[in-house]
Amino acid sequence: MKTVFITGTSTGIGEAAVRLFAQHGWNVAATLRHPADANFQDLPTVRTYALDVTDEAAVNRVVQQAHQDFGSLDVVVNNAGYGLVGPFETATTKQIQQQFATNVFGVFSVTRAALPFLREQKSGVILNITSVGGRTGFPMNSLYHATKFGLDGFSESLWYELAPFGIQVKVVAPGGVATDFATRSLQMTLDPADAANSYAGQVRSVLEAFRSRSGNHSTAAEIAEVIYAAATDGTPQLRYIAGPDAQALLKTKAELPEQDFMNLIRQNFGLA
Ligand SMILES: NC(=O)c1ccc[n+]([C@@H]2O[C@H](COP(=O)([O-])OP(=O)(O)OC[C@H]3O[C@@H](n4cnc5c(N)ncnc54)[C@H](OP(=O)(O)O)[C@@H]3O)[C@@H](O)[C@H]2O)c1
């Protein structure tokens, strides 16, 4: 029986991935900050572990513990993450550090903790959840994009480095997904109610544009299907662009001259 280790499984994509892998008969190490929030009692092959991915010592401990409990570790899904939205200039150092600690350094820690096991067995998959925002930038999301573009480049380079050990590196890049991402998990660098701020108009336009698109979002279950397929297809494919919105957007980006594409994005977000 194979084992998958997933971070950030309290809600959304992580929770849906836990359910799907378990339904396919996998052992699942479901990690989350507050295990009391877990809702996997109906899934006997799932074990939950308390894990904040920004705590490197805890990451090392929990990866070891999960490997010991299940006797194997085959797939790692680096899913935990959140969005920091708003002007770069008004972000605090603490917000920036927390964004990178979670979305980037958390992935580094989990990956480094898992690699000795995967190298030893000469197989495994490291699967990083990035975003369409790891391949193209939207206004007012500079810091989130910095993390997801960073993960995308990290993953592409690691793909070469780990191939000789039989380890596949994969990226699943969703477009919009109906989860807690845009509500509970979202942090702002500027209070949208702060109308006097020079960036207030841009913030309003961008938030409104994101809101107006929420009807087209994929479900977390649909993204989990892409994750499961990527983890099990046995191919060396690096990137999986998940969701019709993400696929259409990146196709447009590939086809248009850069300036035309950027003008289109500016228009779509209601910016002058
Ligand atoms: N939803 C979208 O539109 C979308 C689009 C593209 C990419 N993504 C990516 O998909 C991933 C999952 O997001 P989601 O959409 O499923 O949103 P979500 O429902 O808000 O889930 C985010 C998960 O990350 C966890 N998390 C946050 N900080 C953490 C930390 N320090 N340690 C451990 N876990 C932490 C949250 O745990 P708590 O419950 O403890 O807060 C939660 O379980 C993220 O990496 C996100 O960037 C989402």
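In each ligand, atom 1 is the first atom listed, and ligand 1 is the first ligand listed. Numbering starts at 1 and runs along the sequence shown.
Nearest protein heavy-atom contact of atom 14 (P) of ligand 1 is T179 OG1, 3.4 Å. For atom 27 (C) of ligand 1, the closest non-hydrogen atom on the protein side is R33 NH2, 3.5 Å. In this structure, the protein non-hydrogen atom closest to atom 3 (O) of ligand 1 is V177 N, 2.9 Å. Here the protein heavy atom with the shortest distance to atom 22 (C) of ligand 1 is G81 O, 3.5 Å. Ranking protein heavy atoms by distance to atom 18 (P) of ligand 1, first place goes to T11 OG1, 3.6 Å. Looking from atom 42 (C) of ligand 1 to the surrounding protein, the closest heavy atom is S10 OG, 3.5 Å. Among all non-hydrogen protein atoms, the one lying nearest atom 13 (O) of ligand 1 is F181 CD1, 4.2 Å.
Residue contacts with ligand 1 for L51 involve N, CA, C or O but no side-chain atom from C-beta outward (heavy atoms, distance under 4.0 Å). With a 4.0 Å cut-off on non-hydrogen atoms, R184 touches ligand 1 through its side chain and not its backbone.
Side-chain contact annotation: T11 with R184, donor-acceptor N/O pair under 3.5 Å present. Side-chain N/O atoms of Y49 and D69 include a donor and acceptor closer than 3.5 Å. A donor-acceptor contact under 3.5 angstrom links the side chains of S155 and N128, judged on distance only. Of the N and O atoms on the side chains of N78 and T111, at least one donor lies less than 3.5 Å from an acceptor on the other residue. Using modelled atom types and a 3.5 Å distance limit, the side chains of D233 and Y240 yield a donor-acceptor pair. Side chains of T3 and S72: a donor on one and an acceptor on the other come within 3.5 Å. Side chains of K253 and T136: a donor-acceptor N/O pair is present below 3.5 angstrom, by distance only.
Ligand 1 has an N or O atom lying under 3.5 Å from an N or O atom of S185, backbone or side chain. For a threshold of 3.5 Å applied to N or O pairs, the pair formed by G8 and ligand 1 contains at least one separation below that value. Not one N or O of Y82 is nearer than 3.5 Å to an N or O of ligand 1, by distance alone. By the 3.5 Å distance cut-off applied to N or O atoms, I13 is counted among the residues near ligand 1. Among the atoms of S131, none of the N or O lies under 3.5 angstrom from an N or O of ligand 1. Inclusion of D52 in the set of residues having an N or O under 3.5 Å from an N or O of ligand 1 is warranted. For V132, no nitrogen or oxygen atom sits less than 3.5 Å from a nitrogen or oxygen atom of ligand 1, counting backbone and side chain alike. Annotation: Y144 places an N or O atom under 3.5 Å from an N or O atom of ligand 1; distance criterion only.
Following chains of ILVMFWY side-chain contacts shorter than 4.5 Å, one can reach L20 starting from V77, so the two form part of one hydrophobic cluster. Both V28 and V226 are assigned to one and the same hydrophobic cluster, defined by single-linkage of ILVMFWY side chains at heavy-atom distances under 4.5 Å.
Between G175 and ligand 1 there is a heavy-atom distance shorter than 4.0 Å. Using a non-hydrogen distance threshold of 4.0 Å, T102 registers as a contact of ligand 1. In this structure, A220 does not count as a contact residue of ligand 1, since none of its heavy atoms falls inside 4.0 Å of the ligand. Ligand 1 does not have H217 within reach: every non-hydrogen atom of the residue lies 4.0 Å or more from it. Residue E15 places every heavy atom at 4.0 Å or more from ligand 1.
Side chains of P244 and S218 form a contact here, defined as non-hydrogen atoms less than 4.5 Å apart. Counting heavy atoms from C-beta outward, E89 and T189 have side chains that stay 4.5 Å or more apart.
Listed by atom number, the atoms of ligand 1 under 4.0 Å from T54 heavy atoms are 31 (N). Taking every non-hydrogen atom of G176 and a distance limit under 4.0 Å, the qualifying atoms of ligand 1 come out as 3 (O).
One option in A80, A50, A178, G12 has a heavy atom closer to atom 26 (N) of ligand 1 than any other, and that option is A80. Ranked by closest heavy atom to atom 44 (C) of ligand 1, the top entry among V53, V110, N79, T130 is N79.
Around CD of Q237, the count of heavy atoms belonging to other residues, nucleotides or ligands within 6.0 Å exceeds 12. In this structure, R213 places its CZ atom where more than 12 heavy-atom neighbours from other residues, nucleotides or ligands lie under 6.0 Å away.
None of F100, Y82, F181, F88 except one satisfies the ring pair (Phe, Tyr, Trp, His ring centres under 6.0 Å) rule with Y144; the exception is F181.
For the pair R47 and F70, the distance from NZ or CZ to the six-membered ring centre is under 6.0 Å and the angle to the ring normal is within 45 degrees.
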